[in-house]
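What follows is one structure encoded as structure tokens, with my remarks underneath.
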Amino acid sequence: MSAFIRNSPFLHLLCFSLLLRLAVGADPLYHFCSSSGTYTANTPYEMNLNKVKSSLSYKTPFSGFAMVSAGSIPDRVYGLAQCRGDATSQDCKTCVANASDEIKNLCPYNKGGIIWYDNCLLKYLDGDFFHQIDTENIFYLYNVKNITDPVLFNEKTKELLNQLSQQASATWKLFAAGETTFEGSTKIYGMAQCTRDLSNTDCKTCLENAISQLPSCCDGKQGGRVVGGSCTVRFEIYPFISY
Ligand SMILES: *[C@@H]1O[C@H](CO)[C@@H](O)[C@H](O)[C@H]1NC(C)=O
Ligand SMILES: *[C@@H]1O[C@H](CO)[C@@H](O)[C@H](O)[C@H]1NC(C)=O
């Protein structure tokens, strides 16, 4: 862990942040600023970053994913944006545009940053992070309400998410959503998604790791998410996916 942290551009003293909140669509869910240094205004780095952001805002809504870089080392900027698998291209467009503005307020002159919303994530850095599983930028969200039969519920949730992870990692979109019956008329709804710079194999690894964190994240809760820079799993007892 310490060797890993030393090389990490995102220096989190705590890898995880436990957040108690109910999601509100338009607000960011969370963000991290990188510790890889800062830049100043009117420099090549700023210009490249602006290029990357505007290119991501333009490109991402077409397919829900984009990965771009601009400039030459040491001012080269790498960026990626992805929308939730079921987001419309209009929602995707609004979300990436807002993410791009908001991260500027939250991490004003950091060379890197990552921000998550319900509908999208946006990440940029002064080093190439593409095609690698992001194991550092991870946080949890959960519903404070407890479930009545946690043992069975956790088991069913894990089963659903394992199945969705299989499905997601086997498709080009690296996204899957579905549901299962819990007890009586109660259902569990879930989704699994990876950023599309990952290979199918790495997607699976990332999702398996996210699922393994459910006990620390959301044991016995009515809803929860393990949200990362490369993949996300989520479960709820209400439908949250738009088909
Ligand atoms: C985007 O920003 C606009 C203007 O600040 C705001 O009205 C809207 O709710 C935001 N949408 C999202 C999805 O964040
Ligand atoms: C849920 O359960 C935990 C542990 O059993 C308890 O501490 C907490 O107060 C409960 N939360 C609610 C909202 O009932």
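When reading the values below, keep in mind they use all heavy atoms of this one structure, side chains included, and skip hydrogens, waters and symmetry mates. Treat the numbers as computed from the prediction; the structure is a model and nothing was measured. We count ligands from 1, going down the list as the structure has it; atoms in each ligand are counted the same way.
- Residues Phe235 and Leu214 have side chains in contact (heavy-atom distance under 4.5 Å, counting atoms from C-beta outward).
- Atom NZ of Lys59 sits in a sparse spot, with 12 or fewer heavy atoms from other residues, nucleotides or ligands closer than 6.0 Å.
- With sequence neighbours excluded, no residue forms a disulfide (SG to SG under 2.5 Å) with Cys218.
- The pair Lys123-Asp134 meets the salt-bridge criterion, since a charged nitrogen lies less than 4.0 angstrom from a carboxylate oxygen.
- For Phe240 and Tyr189, the distance between ring centers is not under 6.0 angstrom.
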When you check ligand 2 against the protein, what N or O pairs turn up below 3.5 Å? List the atom names and distances, or just say none.
unit_1: ligand 2; atom_1: 2 (O); unit_2: Asn146; atom_2: OD1; d: 3.3
unit_1: ligand 2; atom_1: 2 (O); unit_2: Asn146; atom_2: ND2; d: 2.4
unit_1: ligand 2; atom_1: 11 (N); unit_2: Asn146; atom_2: ND2; d: 2.9
unit_1: ligand 2; atom_1: 14 (O); unit_2: Asn146; atom_2: ND2; d: 3.3

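- You'll find the side chain of Leu49 reaches within 4.5 Å of the side chain of Tyr124, heavy atoms only.
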